[in-house]
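Each remark here refers to the structure printed beneath this line.
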Amino acid sequence: MKSNGEESTMKKCMFEDFIDDYLFNRLDRPQREAFEEHYFNCSHCFEKMAERDELITVVKAKGSEIFRDVYAPETAEHSWLEKVVAFLTPQQWAVAAVSAALVLIVAFGILPNLKTEAPEFFINDDLVRGSSIKLISPVIDNLAQIPSAFRWQSLGENVDYRLFIYDNGNLLWSTATEENFIRLSEDIKNLMMPGKEYSWQVKAFSTEGTLIAVSSSVQFKFASK
Amino acid sequence: MNIETKQCFSVILHALVIQENWLYNGTKVEQKKLEINTKEIIAKYRPVVSFRVKKSIGAQTPDWEDVVNEIMVNVLEKLNKGEFRGESSIGTFIYTITSRRIIDYIRQKSKVLKHAPEPNPYLSPQEHIENKERAEWIAKAIEKLKPKYKEVLYLYYYQELSREEVAKRLNITPRRVSERVNYAQKLLKKVMKQ
């Protein structure tokens, strides 16, 4: 068993444990009342509490002077710079500085050299911003006879249209017109076979030749010529 | 409290002691014994009552000394009337009288102030230190303590950390914290006696 000075201060009364909590108002009411009644009857506890009260009072009143040397950094008013510095440990500051340097190197040294060519944007025949052309006929898949004409909704004046007829994805025939319909010539009709799948599409161009609208592609087939 | 009032209470207390002696009207030995007992009661319990009153209504409250005097007069009156029958200890008897008077005081003040005074033992420490010279001595004695005792006093009493928090901060057991506080107090007491 150790016999140093600290342990020689043996407790004589179980209520001694209440002293500090009583002085700091940490006891609940029943505990406080029990302890108060106790120290009216126990001169040992009262004497000890009075001494402790005096000690705490002095520590509280003169703590900033008493502990100024050892604990000045914790008690003194810090400037904003000191508060910022104290926010991280020196090791953490070192890591933060290295990280910041790396970020700057990457941002201004490496990334500009890795700069790729600007992406090119273009409008192909299938991607057009603007209005579309509504196809009117034929829009039914299975036709009894080969269509004699193809009709679509007009987009107004000063518009040129181009009709495309595809045979299984391959362009079979194409023609331009200012009207909103096309009549098929007999030559073209002779190129087309009953039961085979075809599709048609119309594109609209301005008078300057700029693509301004595209219709959807509609499939069709016919039973006989 | 002014000096005249203090003198008045002193006279009342003295008169009660004499009255008590004459009431018994016994032998000289009995009179002397009773007088000593009464004085002992005052000497022993006045500091205890004062502490309790200051803790409850605040040492900064100017009325605290009046309240203590009223309690002591009341105690002696009740003893004279034979109201203390030994059913409880004299300490408990005085504690009960003290508690009732404090409650009455707080109720009276509550009617005026709407809020009862809350105990705030260390909020105005400068007012609380009655003997400034003694406080200086204690402060110097604390400064001379070894760092391990000083740091415990700093964290436990100045920073008001819990015993467990102090123990964690200093990497010692909570029991060791109490031991260091007690030992620091013992050292201070020793220094103060020199």
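Every chain is numbered from 1 and lettered A, B, ... according to where its sequence line falls, protein lines coming before strand lines.
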So how far is it from [X] [atom1] to [Y] [atom2], rounded to the nearest 0.5 Å?
{"X": "B:S178", "Y": "A:E16", "atom1": "OG", "atom2": "CD", "value": "10.5 Å"}
{"X": "A:E33", "Y": "B:S99", "atom1": "CD", "atom2": "OG", "value": "7.0 Å"}
{"X": "B:F51", "Y": "A:L23", "atom1": "CZ", "atom2": "CG", "value": "5.0 Å"}
{"X": "A:T57", "Y": "B:R134", "atom1": "OG1", "atom2": "CZ", "value": "11.5 Å"}

Is there a side-chain contact between [X] and [Y] (heavy atoms, below 4.5 Å)?
{"X": "B:L153", "Y": "A:L55", "answer": "yes"}
{"X": "A:I66", "Y": "B:Y154", "answer": "no"}
{"X": "B:K150", "Y": "A:F67", "answer": "yes"}
{"X": "B:N182", "Y": "A:K48", "answer": "yes"}
{"X": "B:T98", "Y": "A:E36", "answer": "no"}

> Any idea which of B:E136, B:K140, B:K44 has the most non-hydrogen atom pairs under 4.5 angstrom with chain A?
Replying inline: B:E136
>> Quick check on the interface: out of B:G91, B:S89, B:A141, B:P47, who has the most heavy-atom pairs with chain A under 4.5 Å?
In response: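 The candidate making the most pairs under 4.5 Å is B:G91.
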> Between A:E51, A:M49, A:E65, A:H38, which shows the greatest number of heavy-atom pairs under 4.5 Å with chain B?
Replying inline: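 With the most close heavy-atom pairs to chain B, the winner is A:E51.
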> Do the charged groups of A:K62 and B:E143 touch, with an N to O distance under 4.0 Å?
Replying inline: no
Can you tell me if [atom1] on [X] sees more than 12 non-hydrogen neighbours from other groups inside 6.0 Å?
{"X": "A:E157", "atom1": "CD", "answer": "no"}
{"X": "B:R100", "atom1": "CZ", "answer": "no"}
{"X": "B:N171", "atom1": "CG", "answer": "no"}

>> Please evaluate residues A:F24 and B:E160 with respect to the criterion side chain to side chain contact (heavy atoms under 4.5 Å, CB included), reporting the C-alpha separation (whole Å), side-chain torsions for both, the decisive distance (0.1 Å), and the verdict.
In response: CA-CA 8 Å; A:F24 280 110; B:E160 290 188 39; 3.3 Å; yes
> With a 4.5 angstrom heavy-atom cut-off, which part of B:T96 approaches chain A: side chain, backbone, both or neither?
Replying inline: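 Interface part for B:T96: neither.
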> What part of B:L188 gets closer than 4.5 Å to chain A, counting heavy atoms only: side chain, backbone, both or neither?
Replying inline: side chain
>> So, applying ring-ring contact (aromatic ring centres under 6.0 Å, His included) with B:Y95, which one of A:F46, A:F40, A:F35 is it?
In response: A:F40
> Going through the checks in order, is the side chain to side chain contact (heavy atoms under 4.5 Å, CB included) test met by B:K55 and A:N25?
Replying inline: CA-CA 10 Å; B:K55 182 83 172 66; A:N25 297 320; 2.4 Å; yes
>> Among residues at least two apart in sequence or on other chains, which ones pass salt bridge (charged side-chain N to carboxylate O under 4.0 Å, His left out) with B:E83?
In response: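 Salt bridge (charged side-chain N to carboxylate O under 4.0 Å, His left out) list for B:E83, sorted by chain: B:K78.
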> With B:R101, which residues qualify under salt bridge (charged side-chain N to carboxylate O under 4.0 Å, His left out), at least two apart?
Replying inline: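 If we apply the salt bridge (charged side-chain N to carboxylate O under 4.0 Å, His left out) test to B:R101, skipping adjacent residues, the hits are B:E70.
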> Is it the backbone or the side chain of A:D20 that comes under 4.5 Å from a heavy atom of chain B, or both, or neither?
Replying inline: side chain
